[in-house]
Amino acid sequence: MLARLLIVVFLGAAGISHAEVGGDAENGERLFRQCSGCHQVGEGATDRIGPHLNNIFDRPAGAAEDFRYSSGFQRAASGGLVWTYDTLDDFIENPRRLVSNTRMSFRGLSDQKDRDDLLAYLRQFSASPGNIPEAAPTAVAVDHEVAPEVLAIIGDPAYGEYLSGECTSCHQPSGATEGIPSITNWPADDFVVVMHAYKEGVRAHPVMQMMAGRLSNEEIAALAAYFESIE
Amino acid sequence: MTFNRRTFLGSAAVTAGLLAAPMVRAQGKPRVVVIGGGAGGATAARYIAKDSQGAIDVTLVEPTRTYYTCFFSNLYLGGFRDMQSLGHSYGTLAAEYGINVVHDWAVGVDRDAKTVTLAGGSSLPYDRLILSPGIDFVDGAVEGWDLSSQNAMPHAYKGGSQTELLKAQIMAMPQGGTYAMVAPPNPYRCPPGPYERISMVAHTLKEVNPTAKILIADPKENFSKQPLFEEGWSDNYTGMIERIGPDFGGANVAVDPLAMTLSIDGDVNNVDVCNVIPAMKAGRIAEIAGITEGNWAPVNAADMSSKMDENIHVLGDAAAQGDMPKSGFSANSQAKVCANAVRGALTGSTVFPARFANTCWSLIDTNDGVKVGATYEATAEKIAKVDGFVSQTGESDDLRAATYQESIGWYDGIIADMFG
């Protein structure tokens with residue numbers, strides 16, 4: 001009893017995991033058909049429109065040799081993104097949330113069971129993948145999508161303009177992208193999703209985690225409304 | 001502190017109402033005079049002019065026509081930037097934002113008459129005065145050094161000709177010669193600045209003068225990003241840099257600019273370059289205005305107003321504000337809070353709550369960038385730190401290179417934010 005309690009406490013402390021465990025690999029193989037137009041996995045898999053996915057678990061993002069990654073992927077990779085069960089789960093749920101400007105044109109799998117199944121399938125092609133969460137009896141699936149009521153907040157552009165002063169110390173309103181990405185003319189929903197990803201620490205950049213960390217839902221909405229509006 | 005927007009807007013409306021009522025003016029537009037065209041002053045002038053859309057008359061007083069940033073000047077010493085890339089003019093602020101840019105020295109402030117006197121003799125009336133004068137040096141801070149010594153022993157702690165002089169002296173050092181730095185005591189402009197400078201000087205010497213030595217006399221036990229710099233120095237500039245802290249007399253120094261010697265705790269060193277960065281104080285006009293206490297000008301965190309005069313605001317290095325480091329980023333951040341408050345006071349526009357941020361990037365070697373940053377908010381007592389981060393030792397080359405690229409992006413960003 002004590003041992004079991006300790007395990008539960010340990011898993012809780014390690015932050016594992018929003019993803020359910022033990023997905024259905026057979027169903028995952030069926031789901032992979034929507035990926036296979038661009039990605040290959042298994043024996044003889046090569047890079048096509050997207051990189052091959054053999055040994056994707058524990059591979060740093062953007063690390064497939066000879067594959068030309070988008071600038072968004074290169075940025076995420078230099079920020080230290082590594083593909084684990086959790087990061088893959090986040091990415092498949094909504095690719096833009098984790099990597100801006102990825103060329104991966106995929107709307108995402110919103111169903112946690114589907115993602116677990118797909119990851120169970122992909123896991124088979126990674127050699128002794130680490131960091132796969134053991135079954136934790138207390139694991140509760142956390143919805144990583146931004147709640148609809150948060151997305152529905154109408155931002156106040158005037159407040160957003162004031163708040164934007166914190167952004168324009170680094171990000172240029174002109175849309176210049178050297179060294180620091182542009183944040184103008186984003187669709188407001190994308191802006192909100194990405195800022196919440198920083199706020200929750202899903203995206204890895206320390207400055208952005210800090211800046212987003214103290215923004216309320218209303219403030220993120222106000223910024224999104226402002227940046228969507230400027231020329 | 002989190003704000004519920006509805007309650008906040010309610011309270012702001014009350015505040016604006018109270019402040020706006022007495023500001024009905026008999027004649028003309030309200031006038032704001034800004035002294036100092038750096039990260040604080042240029043930003044404040046631009047935001048007030050931009051956001052008031054002509055409702056406020058903005059005058060910016062700055063002696064130089066081309067402003068050379070002190071931030072990134074170390075990269076010039078390291079050969080990563082040319083001087084031209086650090087120079088910026090006020091043309092856009094005048095032409096696009098209607099700011100009256102006056103190239104002159106402010107030499108007097110009459111707080112009762114609310115006027116500023118310029119060296120050229122003219123007088124500028126103001127409703128609100130914003131002082132962003134940067135730093136000056138404390139007289140007698142380093143024995144044997146005063147401002148008349150700055151050509152022999154440059155401080156290079158204001159951008160421009162001093163930086164060029166220091167670079168020329170470094171390039172003229174004899175092979176195997178010694179570059180010495182007298183580091184400043186706290187508080188001072190740009191906490192990692194002296195140590196980034198050491199890194200950049202070492203980078204240059206490693207290329208042109210690899211047997212040269214670097215000697216630092218430092219009155220401080222510890223300094224900003226110390227583990228990161230020491231790791232970089234040990235890895236990239238092995239055996240080149242010696243730092244003498246207060247334990248070994250680093251606070252007990254004297255210089256002789258004629259003999260080119262630096263004495264540390266009585267031990268006389270012959271040096272080839274002596275970069276003296278003395279203790280600092282607020283730019284002189286703050287003292288002339290009578291709003292300093294000790295070396296700095298105390299301010300209220302909510303709007304950067306002087307604790308001595310509600311019609312004067314102080315930005316950047318000159319202000320004693322609490323937890324923020326003295327940096328261009330901090331000054332730029334404070335300027336936007338101040339601009340919002342000044343505009344509210346003069347035109348009744350909505351005053352949003354103060355929020356501040358700072359990030360300081362430093363370059364240790366080629367593509368080896370590090371950073372430290374924090375967010376802040378206003379309390380009744382001071383600007384108080386909320387949250388922060390710092391780069392870690394042992395980071396990957398890719399991350400360090402990305403951090404350096406980010407710093408270049410930041411430079412372009414803040415320049416656009418200051419000068420339009």
Side-chain angles (χ1 to χ4, degrees), chain A residues 60-63 71 74-82 153-184 199 201 204-223 225 230, chain B residues 1-6 8-9 39 43 47 51 328-330 332-333 335-337 339-340 349-353 355-359 361 371-375 377 386-392 395-418:
Chain A
S71 61
Q74 289 169 17
R75 179 180 299 280
S78 68
L81 178 63
V82 173
I153 295 171
I154 310 274
D156 171 3
Y159 189 31
E161 181 171 11
Y162 169 69
L163 292 171
S164 75
E166 290 211 320
C167 314
T168 55
S169 294
C170 300
H171 297 276
Q172 297 185 58
S174 70
T177 57
E178 196 200 346
I180 288 181
S182 167
I183 54 172
T184 55
K199 186 177 164 80
H205 196 274
V207 178
M208 286 309 303
Q209 285 183 356
M210 180 181 79
M211 301 306 291
R214 68 165 171 174
L215 292 170
S216 67
N217 293 344
E218 285 82 1
E219 287 169 338
I220 289 174
L223 280 167
I230 64 173
Chain B
M1 183 166 67
T2 54
F3 259 90
N4 174 308
R5 189 159 59 96
R6 190 171 301 153
F8 159 66
L9 287 176
T43 305
Y47 271 73
D51 294 340
F329 197 123
S330 291
N332 169 265
S333 171
K336 289 176 243 189
V337 169
N340 185 255
S349 66
T350 308
V351 178
F352 294 108
R355 50 195 303 134
F356 306 95
N358 177 62
T359 301
W361 288 265
K371 59 188 171 183
V372 60
T375 52
E377 64 186 24
V386 177
D387 188 18
F389 69 89
V390 60
S391 295
Q392 303 297 307
E395 287 174 339
S396 73
D397 292 350
D398 282 354
L399 180 54
R400 290 293 178 87
T403 301
Y404 173 55
Q405 287 305 315
E406 188 179 283
S407 75
I408 295 170
W410 164 75
Y411 187 89
D412 294 342
I414 192 173
I415 292 301
D417 211 32
M418 290 164 62

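Lettering follows sequence order; numbering is per chain, from 1. Quantities reported herein were computed from a predicted structural model and do not represent experimental measurements.
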Novice: Looking only at non-hydrogen atoms, find the nearest pair between A:Met211 and B:Ala357 and report the distance.
Specialist: CE-CB, 3.6 Å
Novice: What distance separates B:Phe389 CZ from A:His205 NE2, expressed to the nearest 0.5 Å?
Specialist: 7.5 Å
Novice: Please flag which part of B:Thr359 lies under 4.5 Å from any non-hydrogen atom of chain A: side chain, backbone, both or neither.
Specialist: side chain
Novice: Using a cut-off of under 4.5 Å for heavy-atom pairs, which of A:Leu163, A:Leu215, A:Ile180, A:Asn217 has the most such pairs with chain B?
Specialist: A:Ile180
Novice: What part of B:Asn340 lies closer than 4.5 angstrom to a heavy atom of chain A: side chain, backbone, both or neither?
Specialist: side chain
Novice: Pick one of side chain, backbone, both or neither for B:Ala416, based on which atoms fall under 4.5 Å of a heavy atom in chain A.
Specialist: side chain
Novice: Who wins among B:Asp412, B:Thr43, B:Asp51, B:Val337 for the most heavy-atom pairs under 4.5 Å with chain A?
Specialist: B:Asp412
Novice: Taking only residues at least two apart or on different chains, which pairs with a member in residues 173-182 of chain A satisfy salt bridge (charged side-chain N to carboxylate O under 4.0 Å, His left out)?
Specialist: none
Novice: For a quick test of reading the model, state the closest non-hydrogen atom pair linking B:Phe352 to A:Ala158 and the distance between them.
Specialist: CE1-O, 3.9 Å
Novice: So how far is it from A:Ser169 OG to B:Met418 CE, rounded to the nearest 0.5 Å?
Specialist: 11.0 Å
Novice: Run the salt bridge (charged side-chain N to carboxylate O under 4.0 Å, His left out) test against B:Arg355 and tell me which residues pass, sequence neighbours left out.
Specialist: A:Glu166, A:Glu219
Novice: Give, as side chain, backbone, both or neither, the part of A:Gln209 having an atom under 4.5 angstrom from any heavy atom of chain B.
Specialist: neither
Novice: I need the B:Asp417 CG to A:His171 NE2 distance, nearest 0.5 Å.
Specialist: 12.0 Å
Novice: With chain A as the partner, which of B:Glu395, B:Lys371, B:Glu406 has the greatest number of non-hydrogen pairs under 4.5 Å?
Specialist: B:Glu406
Novice: Where do B:Pro353 and A:Tyr162 come nearest, in terms of heavy atoms and distance?
Specialist: O-OH, 2.7 Å
Novice: Let's test your reading of the structure: which of B:Gly388, B:Ala339, B:Gly328, B:Ala374 forms the most heavy-atom pairs below 4.5 Å with chain A?
Specialist: B:Ala374
Novice: Does the side chain of B:Tyr47 come under 3.5 Å of the side chain of A:Thr168 through a donor N or O and an acceptor N or O?
Specialist: yes
Novice: Is it the backbone or the side chain of B:Phe356 that comes under 4.5 Å from a heavy atom of chain A, or both, or neither?
Specialist: backbone
Novice: To the nearest 0.5 Å, what is the distance between CZ on A:Arg214 and CG on B:Asp387?
Specialist: 9.0 Å
